[in-house]
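Working notes for the structure below.
Both counts, for ligands and for their atoms, begin at 1 and track the order of listing. Note that the coordinates shown come from a computational prediction; the quantities given were computed from them, not determined experimentally.
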Amino acid sequence: MQKVTVLAGGVGGARFTRGLLHQLEHAHPSADVTVIVNTGDDLWLNGLRVCPDLDTVMYTLGGGINEEWGWGRAGESRRTSEEIAAYGRGWSWFTLGDLDLATHIVRTDLLRGGATLSQATAFLCERWQPGARLLPMSDQPVETHVRIGADADEHRAGDLVHFEEWWVRYRAHIPVTEFVQVGLGAATAAPGVLEAIGEADVVLLPPSNPVVSVGTILAVPGIRDALRSTAAPVVGVSPIIGGSAVRGMADECLRTIGVETSALGVGLHYGSRRSGGLLDGWLVDEADAASLPALAAAGIRSAAVPLWMRDVPSAAAIAREALTLVER
Ligand code: GDP
Ligand code: CA
């Protein structure tokens, strides 16, 4: 096992990958990990390019994460955003902490100087030393929007609203009729992404949101095909335990695309590679052991193991099970 490639969103992807690195340190110390990160949540705020999932992964793996929130920096303060708010130019619903702002300022400076997002990410990672190669899914902006089904504040039913605004400001409580990836038509996979999938020894789908994290990465032209054609086994971990999303609001996302919120529903949504889907293996929680026969019938090798990521060792144990599932 030399090359491990992970497709990650924010908190779920970051915590899983941190466990994976811990596990590999013991079992496969020479393994290289590449994390292809969702950039569909990226947005401009106060003239700064904010990349929520890239930063969550970078801070988590680099030891700077606020453990309690799961995102943002430890020891954060808000003096700058309070000043911005005093000018009437703030975002009350989106936290821009002082320490975190430094990251966005440096990134934006690099982008304005002509760097690609891949180059800016590599530069930021020189400081954080995440222990894995972090690649944005694309260097072109692709921003997930939701089409809302009801009026909310200044928005009218039928409007497109940025996913982060719907998720963070409205806590996903406004009905949505569809997800739209703005910019997808002009996007290509970032340098190294298709190679990392094609040359991997194993590809892992962490328990990230299947719609707006993994789903968005898969929508970038070429990425789904690379997964289908790689010689590496593809193993996923269910983000749904006992019929509900462990943290966050994946339920609303799954309902919108017509997928049942269950470990089985998400597994079948990704589908078996044998029948044109993506998965060779799928881990479900012990609480969902009843779904194993249906998954086997669909041609997906599965196991039921504890899937709660309470800490690094429990996330490492999940990564070990994911690797074992295809090594068997
Ligand atoms: P986000 O971009 O910060 O929303 O993070 P991700 O998309 O990477 O992951 C979010 C998903 O992780 C949520 O929808 C949860 O279902 C899932 N999740 C969070 N914590 C856990 C956990 O401890 N175990 C499992 N199995 N899933 C989790
Ligand atoms: Ca996210």
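- Among all protein heavy atoms, the one lying closest to atom 7 (O) of ligand 1 is Ser213 OG, 2.6 Å.
- For ligand 1 and Trp308, the ligand atoms under 4.0 Å from any heavy atom of the residue are 23 (O).
- For the pair Ile174 and Ala152, the tightest heavy-atom approach, listed with the atom from each and the gap, is CD1-CB, 3.3 Å.
- The closest side-chain donor-acceptor pair between Ser314 and Asp311 falls under 3.5 angstrom.
- For the pair Val214 and Ser208, the tightest heavy-atom approach, listed with the atom from each and the gap, is CG2-CB, 3.8 Å.
- Shown here is Glu83, whose CD atom has no more than 12 heavy atoms of other residues, nucleotides or ligands within 6.0 Å.
- The two residues Gly10 and Ser213 make their nearest non-hydrogen contact at N-OG, 4.4 Å.
- For atom 12 (O) of ligand 1, the nearest non-hydrogen atom of the protein is Pro207 O, 2.7 Å.
- If you chain together hydrophobic residues whose side chains sit under 4.5 Å apart, Ile148 and Leu160 never meet in one group.
- Between Val220 and Ile217 there is no side-chain heavy-atom pair separated by less than 4.5 Å.
- Within Asp41, the N, O or S atom lying nearest to the Ca ion (ligand 2) carries the name OD2.
- With hydrogens left out, the protein atom closest to atom 13 (C) of ligand 1 is Arg247 O, 3.1 Å, a heavy atom.
- Contacts with ligand 1 closer than 4.0 Å are made by no heavy atom of Asn38, backbone or side chain.
- Under 4.0 Å from ligand 1, the heavy atoms of Ile241 that appear belong solely to its side chain.
- Annotation for ligand 1: atoms under 4.0 Å from non-hydrogen atoms of Ala245 are 16 (O).
- With hydrogens left out, the protein atom closest to atom 23 (O) of ligand 1 is Met309 N, 2.8 Å, a heavy atom.
- For ligand 1, the atoms lying closer than 4.0 Å to a non-hydrogen atom of Asn209 are 6 (P), 7 (O), 9 (O), 10 (C), 11 (C).
- On a distance-only criterion, Asp41 and ligand 1 share no N/O pair closer than 3.5 Å.
- Using cut-offs of 30° and 60° on the angle between ring planes, the pair Phe163 and Phe179 is tilted.
- Within ligand 1, the atoms closer than 4.0 Å to a non-hydrogen atom of Asp53 are 2 (O), numbered from 1 in the order shown.
- Interatomic distance, CH2 of Trp71 versus OH of Tyr59, reported as 11.0 Å (0.5 Å rounding).
- Every atom of ligand 1 is numbered from 1 in the order shown, and the set under 4.0 Å from a heavy atom of Ala250 is 14 (O).
- Residue Ser302 holds its OG atom at 8.0 Å from CG of Leu279, rounded to the nearest 0.5 Å.
- Counting just the N/O/S atoms of Asp53, the one with the shortest distance to the Ca ion (ligand 2) is named OD1.
- A heavy-atom separation below 4.0 Å is not found between Thr56 and ligand 1.
- Here Thr121 contributes atom OG1 and Met58 contributes atom CE; the two are 8.0 Å apart, rounded to the nearest 0.5 Å.
- Atom 2 (O) of ligand 1 has its closest protein heavy atom at Gly10 N, 2.8 Å.
- For the atom pair Arg107 CZ and Leu117 CG, the distance stands at 6.5 Å (nearest 0.5 Å).
- Among protein heavy atoms, atom 25 (C) of ligand 1 sits closest to Leu307 O, 3.3 Å.
- Residue Ala8 places every heavy atom at 4.0 Å or more from ligand 1.
- Residue Ser208 places at least one N or O, backbone or side chain, under 3.5 Å from an N or O of ligand 1.
- For ligand 1, the atoms closer than 4.0 angstrom to any heavy atom of Gly13 are 8 (O).
- Between Val11 and ligand 1, an N or O atom pair is found at a separation short of 3.5 Å.
- Residue-environment remark: CD (Glu154) exceeds the threshold of 12 foreign heavy atoms within 6.0 Å.
- Cluster annotation: Ile318 and Leu20 are assigned to the same hydrophobic cluster (Ile/Leu/Val/Met/Phe/Trp/Tyr, side-chain heavy-atom contacts under 4.5 Å, transitive).
- At the top of the distance list for atom 16 (O) of ligand 1, counting protein heavy atoms only, stands Pro239 O, 2.6 Å.
- The protein heavy-atom contact nearest to atom 9 (O) of ligand 1 is Gly12 N, 3.2 Å.
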